[in-house]
Amino acid sequence: WPEAKERIAQLPPHQRPQWERRLLEARLLKDYRALAQTTDPSALAAFLEAHARARRACIRPDIFHEVASRLAAAGLHQPAADLRRELLECPLPPDLRLGIVSELAAALADEEALVLVHREKPGLLRDAPRLSGNIDDLELQILKRRLAALPPDSELKARAAEEVLKAAPDDRDALTALAWYRFRRGEFEEAERLFAILSQQDPADRDAALGLGYARLNSGRIDSALDPLDRGRIAEDAETRKLRELVYRQQAARAFAAEDWDGAAAYLEKLLSLNPEDLDAQELLAWTRLRQDRRAEARILMEEGFAERPSPSLAAGLLGLYTADGDEDRAYRLADRLADDEDPALRAPAGSFFFERGAPVTAAQLDRDPQRCYFNADSPRAEAFLYHRSKQGDGPFGDIEETALPLTFVYPTELGRQWSATVTPKHLSGSNG
């Protein structure tokens, strides 16, 4: 090598740079072959130091790109990235430039990688239009990497998903992220549109089917909410049953409010087939049977529901049914059981029952609703009224007149009982007596 340098110095000046480059390249190739496939950091560092001039002169950048890959394999990611940045300052063949950009982008943070790709993209497209697909794929890969790293339900993730969709309108990851983001923000129509695309792409995708069902349920399209599940491509599990229960419950409530008793009963029966222990569905079905004039079934359902979970509505319903059926004994037993309950809400239905049977004080003690006509009937009270009467006849006591002012004080005590005392001042007068 020293002798070669001396010979180059003897050449005409215009030829020397060319032969100096060839000499640098020859030494670079010789040492590179001696380097073999080593990833020893010290050997790689020594190689780079020995050939710093060749590197700065952009001689054989492909070799230095390979050295950068070995540095990265040895865990020296920052030196590898710095070397690749330096190589990008050289005039490079498009394929090599794209390879260096790809490797460098993989090592950089997402935002920095995107800046790099956006900076290099115009030149690559100008020099090698055939690489446009590769460049777009690289950009999409970085966008998707950023999308996956962002926290769920964040606006940043939604914006990242929108950027991915600009490059790849059918990308499932971006569609999924954006669909759930719209759903959680209450933008149900837009969420439904996105979930519909996902479900059409893959009818067997359970999450997309559930998302579409929930979006339709919340946007008011209840009757089509279960269509994605009913195509027969989704296996039944706890999540799909939960959606079915919500849909059947809303359909039943809507039919009940519209006084479509048969429709309400049909949806409630479906709901109970999924969950026979659903006490709310049992109670609503009981009231539906009553509206259908299927009183015996309504009574059985109310009794079973009340035994499982006593409620004021079922108590009132049973008292009404027993009374209508003429079963006064059972009605009184239930009313007495309610009157002894510790829950004020359960005692209240017995109030109306006793009031209708002439016991307003008991009714007021059981039902404290200020809107009731018997409200405060159990308060201590005083009553007074004035009357006058007279009679005429023969004899010493034939003509008598009486004026009286009865004064009564009433004090209710325990349930159904009260003390009362009456004093009646009277004035009597007669013609002879």
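Below, each value reflects all heavy atoms present in this structure, side chains not excepted, and no hydrogens, waters or symmetry copies.
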Worksheet item: Within a reach of under 6.0 Å around CZ of Arg53, are more than 12 heavy atoms found that belong to other residues, nucleotides or ligands?
Response: no
Worksheet item: Using 4.0 Å as the upper bound for N to carboxylate O, is an ion pair formed by Glu86 and Arg55?
Response: yes
Worksheet item: Is a donor on one side and an acceptor on the other found under 3.5 Å between the side chain of Arg70 and the backbone of Thr39?
Response: no
Worksheet item: Looking at Phe353, does the NZ or CZ of Arg357 lie under 6.0 angstrom from its six-membered ring centre and within 45 degrees of the ring axis?
Response: yes
Worksheet entry | Arg330 side chain to Leu319 backbone, donor-acceptor under 3.5 Å | no
Worksheet item: How long is the gap from CZ on Arg241 to CG on Asn275, to the nearest 0.5 Å?
Response: 9.5 Å
Discussion item. Would you say CD of Glu414 has more than 12 non-hydrogen atoms from neighbouring residues, nucleotides or ligands within 6.0 angstrom?
Written reply: yes
Worksheet item: Which pair of heavy atoms, one from Leu226 and one from Tyr248, lies closest together, and at what distance?
Response: CD1-CE2, 3.7 Å
Worksheet item: Is Arg60 salt-bridged to Glu25, cutoff N-O under 4.0 Å?
Response: yes
Item to complete: Among Ile135, Leu96, Leu138, find the residue that satisfies the side-chain contact (heavy atoms from CB on, under 4.5 Å) test when tested with Val101.
Response: Leu138
Practice prompt. Would you indicate whether the side-chain heavy atoms of Phe256 and Leu268 approach each other to under 4.5 Å?
Written response: no
Fill in: Close side-chain approach of Arg244 and Lys270, heavy atoms under 4.5 Å
no
Worksheet entry | CG-CD distance between Leu271 and Gln282, expressed to the nearest 0.5 angstrom | 10.0 Å
Worksheet item: Got more than 12 heavy atoms from elsewhere within 6.0 Å of CD, Glu189?
Response: no
Practice prompt. Spell out, as yes or no, whether a donor-acceptor pair under 3.5 Å connects the side chain of Asp205 to the backbone of Asp207.
Written response: yes
Discussion item. Determine whether a donor-acceptor pair (N or O, by modelled atom type, separation under 3.5 Å) exists between the side chain of Ser224 and the backbone of Asp227.
Written reply: no
Item to complete: Would you mind reporting whether Val247 and Ile222 have side-chain heavy atoms less than 4.5 Å apart?
Response: yes
Item to complete: Please examine the side chains of Arg289 and Met302, heavy atoms only from C-beta on, and report whether any two atoms are closer than 4.5 Å.
Response: no
Worksheet item: If we only count heavy atoms from C-beta on, is the Pro412 to Trp419 side-chain gap below 4.5 Å?
Response: no
Worksheet, complete the sentence: One should read off an interatomic distance between Leu175 CG and Gln201 CD, to the nearest 0.5 angstrom, of 6.0 Å
Worksheet item: Is there side-chain contact between Lys121 and Ser132, with at least one heavy-atom pair below 4.5 Å?
Response: no
Discussion item. Taking Asn376's backbone N and O only, do any of them form a donor-acceptor pair with Ser379's side chain (distance below 3.5 Å, no angle check)?
Written reply: yes
Worksheet item: Are side-chain heavy atoms of Leu334 and Leu338 found at a separation under 4.5 Å?
Response: yes
Worksheet item: Salt bridge between Asp31 and Arg27, side-chain N to carboxylate O under 4.0 Å?
Response: no
Discussion item. How long is the straight-line distance from CG of Asp82 back to NE2 of His77, given to the nearest 0.5 Å?
Written reply: 13.0 Å
Worksheet item: In this structure, are over 12 heavy atoms from other groups packed under 6.0 Å from Glu328 atom CD?
Response: yes
Discussion item. Closer than 3.5 angstrom, by distance alone: can the side chain of Asn218 be matched with the main-chain N or O of Tyr214 as a donor-acceptor pair?
Written reply: yes
Worksheet item: Got Trp180 and Phe195 here, is their nearest side-chain heavy-atom distance under 4.5 Å?
Response: yes
Worksheet item: Quick check: are there more than 12 heavy atoms from other residues, nucleotides or ligands sitting under 6.0 Å from CD of Glu3?
Response: no
Worksheet entry | Other residues, nucleotides, ligands: >12 heavy atoms within 6.0 Å of Gln418 CD | yes
Item to complete: Look only at the side chain of Arg97 and the backbone of Leu88, and say whether a donor-acceptor pair between them is shorter than 3.5 Å.
Response: yes
Worksheet, complete the sentence: To the nearest 0.5 Å, atom CH2 of Trp19 lies from atom CG of Leu23 at 10.0 Å
Worksheet item: Quick one: do Lys144 and Asp173 make a salt bridge, cutoff under 4.0 Å?
Response: yes
Discussion item. Heavy-atom count check: over 12 atoms from other residues, nucleotides or ligands less than 6.0 Å from Phe409 CZ?
Written reply: yes
Worksheet item: Between Thr323 and Gly320, is there a donor-acceptor pair closer than 3.5 Å when you use the side chain of the first and the backbone of the second?
Response: no
Practice prompt. Please round to the nearest 0.5 Å and tell me the distance separating atom CD of Gln250 and atom CG of Leu217.
Written response: 4.5 Å
Fill in: Side-chain donor/acceptor of Thr176 to backbone N/O of Arg172, under 3.5 Å
yes
Worksheet item: Arg146 side chain to Glu111 main-chain N or O, any donor-acceptor pair under 3.5 Å?
Response: no
